[in-house]
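In this text the structure is predicted, and so the values were computed from the model without any measurement. Note on naming: letters A, B, ... go to the chains in the order of the sequence lines (proteins, then strands), and numbering restarts at 1 for each one. Only this structure's heavy atoms are used, side chains among them; waters, hydrogens and symmetry mates stay out.
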Amino acid sequence: MAAPNSTEHAPKRRKVRQDSGSVTIGGKVISVAGYLSSSSSKPKQAEASNLKSTPSNDSQEQPSQATPQQPPKSAPRERNETHSKSRNAGGAKENPLLKARRELPIWQHQDEIRTVVKRAGTDVIVIVGETGSGKSTQVPQFLYQEPWCKRHKVKLPGRQEEVYVGGMIAITQPRRVAATTLAQRVSIEAGTPLGKGRPDGLVGYSVRFDHQVPKGTRIKFLTEGTLLQELLRDPYLRQYSAVVIDEIHERSLDVDLLAGFLKQILFGDQTQRGGIPLKVIIMSATAEVGVIQEFFGRAAAEGREKGSNVELLRIKGRQFPVTILYEPRPVPDLQDALLKKIFKVHVEEPLPGDILAFLNGQEDIEAAQRLIEEYATTLASNVPKIVAVPLYGQLSIEAQSVAFRPAKTPRTRKVVLATNIAETSVTVPGVRYVIDCGKAKVKQYRPRLGMESLLAKPISKSSAVQRAGRAGREGPGKCFRLYTEDAFNSLQDSDLPEILRNDVLGAVLTMKARGIQDVMAFPLMDAPEPAAIEMALLHLHFLGALADDGTITAAGQTMARFPLSAPLGAVLLAAAGPEFDCVLEVIDAISCLTSGDDIFMHVHSEEGQEEVEAYRKDVQRREGDIITYLTTMQMYAAENSDRIDWCKKRKINIRNMKQALNIRRQLRGMCLKEKLLSEMPPPDPQPFTPLSPEKAESVIKCFLRGFAMRTAMLAPDGSFVTVHGKHVVAIHPSSVMHGQKKEAIMFLEHVYTNKNYAKKVSAIQATWIAEALGR
DNA sequence: GAGCACTGC
């Protein structure tokens, strides 16, 4: 399972060099002061008072894309210092690492944190720490040497041999980059840097495709998904003395499930951990922790005689004041209001100070960019110049990086036109003014329709605050909200958690696989509608994951172990059956389908499009998108001379293609272990032979076992009508099937934007649907 | 002939 050399494939685009003392990765500011000479670790507040950094003198500022911070060759050893009372040492030769740590706001709270966590009966601690407080790196280091964190040998009920319980602290992150980078950082601070070939160390990490857990690891960073997988094998988390849940305010689906499982462990059968308590530390960057406190507090009230045993600690961050300005009355035209505001700020506010504007999406951004460029040409020569830079996820990394660099010409104000990518994921340096249009595109699942919608909706108060905060990173700032104060007050406090916006199919399978019989009774901070859970149960039953009585089947258990959605798991299991026997082919297709964004990039210019289409002809197949993906993987794997050039010609995203290859290797390995494959296929490159039409039919029929509900028939008027629900769907223009008329289609995605679209489409025969449905 | 935030096993 481990892929030791896969760090090079880790996504890098979210890692943005912010200033000389820190980097921002996935919304997290990580100090790199310890890697640098001590002079660079001066406190931010001091810089602010005599702020003179103009965008143009920060020539070093750029996304550091391919350089994970390397530990210094002679990493300072402070293994024993970490926990000592060296705060009052203050010697002449102070360790720069320790100095940097000591300047973090959380450092002053370490005794308090230790005391509260140690206290008997306090099992849940909520720490609210603003960005830059240092909570992610320091909290585990404050705790791992505490007596309660020792490994114990205990006797468990019904077991002869003694087992170990505790000893490690788990700390979860929503994103892989954050988990690995934090582990690197903390491993250096703890005196045992990772990745130097040393067999032992205090700090490790475990994320998909990359596991580094040295012998003696006491602090382990994981992604939420990885800890959920560990729960399959270790339902009581016996490895751990404490679990730290970081960034809970993001309310990912995985973190909501984790919270439920932790609550069950906390207030369930303590004998299963040999009476050794599990400490739970919840960390949030936003103050809205009422739901969390109530969730764990209620547990305490139910499970114990006394009331709440949830402790709350608040730690200040480092943020400059931001003045909020509202519109006096609702604006009739957002785009128009936005442009006027940009020009007003540009003319009235001093330089330096760039503008960050939050817009709905690509379309609005491109339109605004054109209008600003038009306006810029009309500016008088004595007025500073203005330049508009787009920033959204679909842009290439190179195009995105422009937004992080200061404007090329002097006396120029940069206007970054961004989606909510700039709200949490990345930090744009140099911003003093934020313009917030008050909306964002949100994906929402409609369980009854079995489809998703992606529409612009008002943001939450919490989002609005977050957006405004982007103006106060480097000095006092201003935020112009293109809506009224009343409108702000009427916004929802926080965004809907993912569990209420997503299909809960996977979540229900996760619960069932971890022994939850009654999923409706599972403790959740926000429970989905019963109808959504019922739909998921029915769907899982159809997929063969649940038996008629609702218990999980062997197939369901296997599906839950795979890093795939439940329908794709069902497809893989079908492929292993003697009827189809096409596991390798299905893995090739699934690898491409699940490697992040589409591996086929969109081509903008028309002449470029023709050339790319000509090159793509050799991978495109008339059977549809699945067989096209499969062929792409097989040709890519067979390519022996220059894979990068091969991708470039076809406008295939190289990073996603490498990721697909990674997934393919992982799935092959897992299929071997799960006995879906009898032997490992020969290594690449193997000569390419086009898939026979018979094999292609088998592959598509396997996919029907997972997606029979996602099919549509050609109607007499030439439209497609879904078999379930009788909705009209159009084939999305990104599909190779676009514009074609076949008697029936199967699609893997169903999205409503301004039309009902079917994506990832394959041609099928009507009789196949009945076949798959009527098994 | 579309036009779309982010992430994870």
Side-chain angles (χ1 to χ4, degrees), chain A residues 1 10-11 13-14 26-27 172-179 206-211 222-233 247 250-258 358-367 390-395 418-426 439-444 452-457 459 463 466-467 495 498 501-502 506-507 509-510 513 559-566 568-569 594-598 602-604 606 609 659 662-663 666-667 670 730-740 749 751-759:
Chain A
M1 201 152 142
R13 67 178 163 154
R14 304 265 170 263
T172 68
Q173 294 294 325
R175 282 168 288 275
R176 297 174 54 201
V177 243
S206 190
V207 301
R208 188 183 189 182
F209 304 127
D210 198 0
H211 305 265
L222 317 89
T223 47
E224 294 154 359
T226 310
L227 190 59
L228 274 178
Q229 286 297 118
E230 288 193 356
L231 268 164
L232 266 182
R233 295 190 308 271
E247 311 281 17
E250 293 194 19
R251 292 298 303 273
S252 69
L253 211 159
D254 283 350
V255 98
D256 277 24
L257 289 177
L258 271 181
F358 287 96
L359 284 77
N360 289 343
Q362 186 179 346
E363 200 180 356
D364 290 357
I365 288 171
E366 283 171 355
L391 179 62
Y392 50 87
Q394 294 284 87
L395 279 178
T419 59
N420 49 5
I421 188 174
E423 197 176 303
T424 49
S425 302
V426 296
K439 288 186 174 176
K441 279 193 175 161
V442 182
K443 207 181 229 175
Q444 186 146 11
E452 290 177 322
S453 63
L454 185 69
L455 301 167
K457 294 258 173 71
I459 57 169
S463 267
Q466 181 71 26
R467 287 179 174 190
D495 294 297
E498 206 181 358
R501 288 189 292 113
N502 256 44
L509 181 63
T510 298
M559 284 156 66
R561 282 193 291 270
F562 273 95
L564 294 172
S565 71
L568 286 177
T594 57
S595 67
D597 312 321
D598 204 332
H602 187 255
V603 195
H604 276 284
E606 274 178 34
Q609 189 158 357
Q659 173 77 348
N662 241 336
I663 295 171
Q666 185 190 26
L667 290 179
M670 291 186 75
I731 297 175
H732 195 270
S734 65
S735 169
V736 296
M737 297 292 296
H738 179 75
Q740 297 194 45
E749 288 170 24
V751 186
Y752 179 83
T753 50
N754 52 20
K755 223 178 175 180
N756 223 339
Y757 283 111
K759 297 170 100 172

**Student:** Whole angstroms only, please: what is the OH-P distance between A:Tyr392 and B:dT7?
**Tutor:** 16 Å
**Student:** What's the closest nucleotide to the side chain of A:Arg175 if the choices are B:dG8, B:dC9, B:dG1?
**Tutor:** B:dG8
**Student:** Would you classify A:Lys759 as touching base, sugar-phosphate or nothing, given that sugar-phosphate means primed atoms plus P, OP1 and OP2, and contacts are heavy atoms under 4.0 Å?
**Tutor:** base
**Student:** Can you tell which of B:dG1, B:dA5, B:dC9 lies closest to the side chain of A:Gln362?
**Tutor:** B:dA5
**Student:** With the side chain of A:Arg208 defined as its heavy atoms from C-beta on, choose the nearest nucleotide among B:dG3, B:dC9, B:dC4.
**Tutor:** B:dC9
**Student:** Check A:Phe358 against A:Glu423 and note the closest heavy-atom contact, atom names and distance.
**Tutor:** CE2-N, 3.6 Å
**Student:** For the side chain of A:Asn420, counting heavy atoms from C-beta on, which of B:dG1, B:dA5, B:dC9 is nearest?
**Tutor:** B:dA5
**Student:** Look at all strands and tell whether A:Glu363 reaches a base, only sugar-phosphate, or nothing, counting heavy atoms closer than 4.0 Å.
**Tutor:** sugar-phosphate
**Student:** Round to the nearest Å and state the distance from A:Leu454 atom CG to B:dA5 atom P.
**Tutor:** 8 Å
**Student:** Could one point to a donor on the side chain of A:Lys441 or the base of B:dC6 with an acceptor on the other under 3.5 Å away?
**Tutor:** no
**Student:** Just call it for A:Leu228: base, sugar-phosphate, or nothing, with non-hydrogen atoms closer than 4.0 Å on any strand.
**Tutor:** nothing
**Student:** To the nearest Å, how far apart are A:Met559 CE and B:dC9 C1'?
**Tutor:** 14 Å
**Student:** Heavy atoms only: give me the nearest A:Met559-A:Ala566 pair and the separation to one decimal.
**Tutor:** CE-O, 3.3 Å
**Student:** Hey, does the side chain of A:Glu498 reach the backbone of A:Leu253 with a donor-acceptor pair shorter than 3.5 angstrom?
**Tutor:** yes
**Student:** Check this one for me: any side-chain N or O of A:Asn754 less than 4.0 Å away from OP1 or OP2 of B:dA2?
**Tutor:** no
**Student:** May I ask you to say what A:Thr419 touches in the nucleic acid, namely base, sugar-phosphate or nothing, with a heavy-atom cut-off under 4.0 Å?
**Tutor:** sugar-phosphate
**Student:** OH of A:Tyr757 versus C1' of B:dG1: gap in Å, rounded?
**Tutor:** 8 Å
**Student:** Taking only side-chain N and O atoms of A:Thr753, does any of them lie within less than 4.0 angstrom of OP1 or OP2 on B:dG3?
**Tutor:** yes
**Student:** By side chain to side chain contact (heavy atoms under 4.5 Å, CB included), which residues pair with A:Thr753, not counting sequence neighbours?
**Tutor:** A:Leu454, A:Val751, A:Tyr757
**Student:** Can you tell me how far C1' of B:dG3 sits from NE2 of A:His732, to the nearest Å?
**Tutor:** 7 Å
**Student:** For A:Arg233 and B:dC9, give me the distance from atom CZ to atom C1', rounded to whole Å.
**Tutor:** 12 Å
**Student:** Taking atom P of B:dG8 as reference, at what distance in whole Å does atom CD of A:Glu230 sit?
**Tutor:** 17 Å
**Student:** Between B:dA5, B:dG1, B:dC9, spot the one nearest the side chain of A:Pro733, thanks.
**Tutor:** B:dG1
**Student:** Heavy atoms under 4.0 Å, any strand shown: does A:Leu564 hit a base, just sugar-phosphate, or nothing?
**Tutor:** base
**Student:** Which sits closer to the 5' end of DNA chain B, A:Val442 or A:Lys755, going by the nucleotide each is nearest to?
**Tutor:** A:Lys755
**Student:** Rounded to whole Å, how long is the line connecting atom CD of A:Glu749 with atom P of B:dC4?
**Tutor:** 15 Å
**Student:** A:Glu224 and A:Asp254: which non-hydrogen atoms are nearest, and at how many Å?
**Tutor:** CB-CB, 3.7 Å
**Student:** With heavy atoms under 4.0 Å as the rule, sort A:Ser252 into base, sugar-phosphate or nothing.
**Tutor:** nothing
**Student:** Can you list everything that forms a side chain to side chain contact (heavy atoms under 4.5 Å, CB included) with A:Glu363? Sequence neighbours excluded, please.
**Tutor:** none
**Student:** Below the 4.0 Å mark, does B:dA5 have OP1 or OP2 next to a side-chain nitrogen or oxygen of A:Lys443?
**Tutor:** no
**Student:** Picking from B:dG3, B:dC6, B:dC9, which would you name as closest to the side chain of A:Val207?
**Tutor:** B:dC9
**Student:** Indicate, with a heavy-atom threshold strictly under 4.0 Å, whether A:His738 touches base, sugar-phosphate, or nothing.
**Tutor:** sugar-phosphate
